[in-house]
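Below is one structure; the comments refer to it alone.
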Number of protein chains: 2
Amino acid sequence: MTEPGTGPGTGGESLLFLTDEQLRKGIEAMFFAYRGFTADPDRILDGMDYGRAHHRALHFIHRAPGTTVNNLLSILGVTKQSLNRVLRTLIEDGLVESRVGRQDKRERHLVLTPKGEDLERQLSDAQRARMRAAYRAAGPVAVQGFRTVLEAMMDPELRRQYQTLKEAGA
Amino acid sequence: MTEPGTGPGTGGESLLFLTDEQLRKGIEAMFFAYRGFTADPDRILDGMDYGRAHHRALHFIHRAPGTTVNNLLSILGVTKQSLNRVLRTLIEDGLVESRVGRQDKRERHLVLTPKGEDLERQLSDAQRARMRAAYRAAGPVAVQGFRTVLEAMMDPELRRQYQTLKEAGA
DNA sequence: GAATTTACGTCAGCCTTGTTGACTTTCCAA
DNA sequence: TTGGAAAGTCAACAAGGCTGACGTAAATTC
């Protein structure tokens, strides 16, 4: 590490964009941008009895209706105890419905109720609004690059999860 | 919201990249990529008595040596009480030095000790390695777009903080 | 048919990292 | 010189992660 220049000699081209300094800027950009990314939904959730964890659950249940608890677990990357706490309140409050599986009765299939859809829409509208503004300001070429780098940054297993969802939608 | 096509008629150009579906993919990409982004440092920290909050403090103290607690506070966006707990352990363990201000004795100026620099380097090496791989795989044009979109996604105030740091380095 | 595995739920308890509130010390300005 | 504002510290609490242990029902395997 600590390649001060990464100038000629590193591989053939100059690869100035791989400088430690450039990478550090990317890291900081990621940090600050993620704050913006979560800010709007967080603001909406604040005051309700829910938090970011509930938002994530609603998002992915909306995205993959009828998903099982186990599947949601692996997407979110948390323990079942942790998810269960969140899920329990969402079910009690009538935002999520848990249906016993028809084939495999051990499984629970999760779907949003109309009330759950409402909140999910409210949250994702806010998040998309910011995203839309950023996309519009940056333009389609930049957006393409944005997505490419993000995908390259994922762990292989998460990338697979992401691809699966990507294909499912549209 | 809920623009199913966002086809012609939205503004003039086709703007296919502003579809709700495209935005949703961007949101999910952000979610999964951030997991990868923090995974390597988290793994290193795990087992030590430190966490992500310590990493962030080390990063920005390294980046802006001699910064005051207050300044660090506004960069990190947490309360001083929250930062203080993290800072206290880092100081006790001899990773960070806190110097009473010369002009204003209320202020504490923070610098990393050699030991602190060591850990910071270890963490940021790991994080940069992933970043570097992603950048290399995506190419310079994509990286440019990545940075552009991230900047556009930040809150205006955070964007200013980010710009300031960006100018400071290099 | 019995034993094992799987999917899910739950209780208990811990840790990190965020929060608010109350308190000192220090500085500065009226 | 005194009263308020600012920087930092201590205490207590909440959200949301975690592990470990256990229970139950359903599916699968032997």
Side-chain angles (χ1 to χ4, degrees), chain A residues 31 34-35 38-39 41-61 66-93 96-111, chain B residues 31 34-35 38-39 41-61 66-93 96-110 123:
Chain A
F31 173 69
Y34 200 78
R35 293 253 295 277
T38 56
D42 280 358
R43 229 183 322 267
I44 294 173
L45 263 342
D46 192 51
M48 307 193 195
D49 287 351
Y50 305 125
R52 207 176 285 181
H54 300 82
H55 178 197
R56 288 198 283 259
L58 290 175
H59 175 104
F60 286 107
I61 295 173
T67 188
T68 65
V69 172
N70 240 356
N71 185 40
L72 196 52
L73 239 42
S74 80
I75 289 175
L76 295 174
V78 298
T79 59
K80 63 172 176 176
Q81 294 89 331
S82 193
L83 176 59
N84 190 257
R85 177 173 28 195
V86 166
L87 230 36
R88 187 168 34 200
T89 69
L90 289 174
I91 292 169
E92 278 170 6
D93 296 353
V96 169
E97 194 186 335
S98 170
R99 297 175 183 156
V100 172
R102 291 169 57 86
Q103 274 109 18
D104 190 332
K105 291 179 192 161
R106 293 170 305 177
E107 293 179 340
R108 301 295 134 87
H109 298 280
L110 304 168
V111 287
Chain B
F31 173 69
Y34 200 78
R35 293 252 295 276
T38 57
D42 281 358
R43 232 182 321 268
I44 294 174
L45 262 343
D46 193 50
M48 307 195 194
D49 287 349
Y50 306 125
R52 205 176 287 180
H54 300 84
H55 179 198
R56 287 197 283 258
L58 290 174
H59 176 104
F60 286 108
I61 296 173
T67 188
T68 63
V69 172
N70 234 2
N71 184 42
L72 195 52
L73 237 44
S74 78
I75 289 174
L76 294 175
V78 297
T79 59
K80 59 180 176 174
Q81 294 90 331
S82 191
L83 175 58
N84 187 257
R85 176 176 29 202
V86 166
L87 233 34
R88 186 169 39 203
T89 69
L90 291 174
I91 291 168
E92 278 169 6
D93 297 351
V96 168
E97 195 185 334
S98 167
R99 297 175 183 157
V100 173
R102 292 169 55 85
Q103 276 109 15
D104 189 332
K105 291 178 191 161
R106 292 171 304 178
E107 291 180 341
R108 302 295 133 88
H109 297 279
L110 304 168
L123 294 169

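Chain naming here is simple, since letters A, B, ... match the order of the sequence lines and numbering starts at 1 in each.
Comparing B:Val69 and A:Asp104 by the nucleotide of DNA chain D that holds the closest heavy atom to each, the one mapping nearer the 5' end is B:Val69. Toward the 5' end of DNA chain D, the nearer of the two residues A:Tyr50 and A:Arg102, judged by each one's closest nucleotide, is A:Tyr50.
In this structure, A:Thr68 reaches the sugar-phosphate backbone alone: every heavy-atom distance under 4.0 Å involves primed, P, OP1 or OP2 atoms, never a base. In this structure, A:His109 reaches neither bases nor backbone, as no heavy-atom distance under 4.0 Å exists between it and the strands shown.
Take A:Arg99 and apply the salt bridge (Lys or Arg N to Asp or Glu O under 4.0 Å) test, not counting sequence neighbours, and it matches A:Glu97.
When side chains are defined from C-beta on, B:Phe31 does not count as touching A:His59, because their heavy atoms never get closer than 4.5 Å. When side chains are defined from C-beta on, B:Thr68 does not count as touching B:Arg108, because their heavy atoms never get closer than 4.5 Å. Contact check for B:Phe60 versus B:Asn71: no side-chain heavy atoms found under the 4.5 Å cut-off. Two residues are said to be in side-chain contact when any heavy atoms from C-beta on lie closer than 4.5 Å; A:Leu87 and A:Ile61 meet this criterion.
The side chain of B:Arg35 places no N or O atom within less than 4.0 Å of a non-bridging phosphate oxygen (OP1 or OP2) of D:dG17.
Taking atom CG of B:Asn71 as the reference point, atom P of D:dA6 lies 16 Å away to the nearest angstrom. Rounded to an integer number of Å, the gap from NZ of A:Lys105 to P of D:dA27 is 6 Å. D:dG17 atom P lies 11 Å from atom CZ of B:Arg52, rounded to whole Å.
When DNA chain C is scanned in the 5' to 3' direction for atoms under 4.0 Å from non-hydrogen atoms of chain B, the outermost contacting nucleotides are C:dT17 to C:dC27.
Here the straight-line distance linking atom CD1 of A:Ile91 with atom CZ of A:Arg88 works out to 9.5 Å at 0.5 Å rounding.
Contact check of residues 78-86 of chain B against DNA chain C (heavy atom, cut-off under 4.0 Å) returns B:Val78, B:Thr79, B:Gln81, B:Ser82, B:Arg85.
Using modelled atom types, one side-chain atom of A:Arg35 and one backbone atom of B:Leu76 make a donor-acceptor pair closer than 3.5 Å.
A parallel orientation is assigned to the rings of A:Tyr34 and B:Tyr34, their planes being inclined by less than 30° (bins at 30° and 60°).
Contact detail for B:His54 and B:Thr89: the closest heavy-atom pair is NE2-OG1, 3.3 Å.
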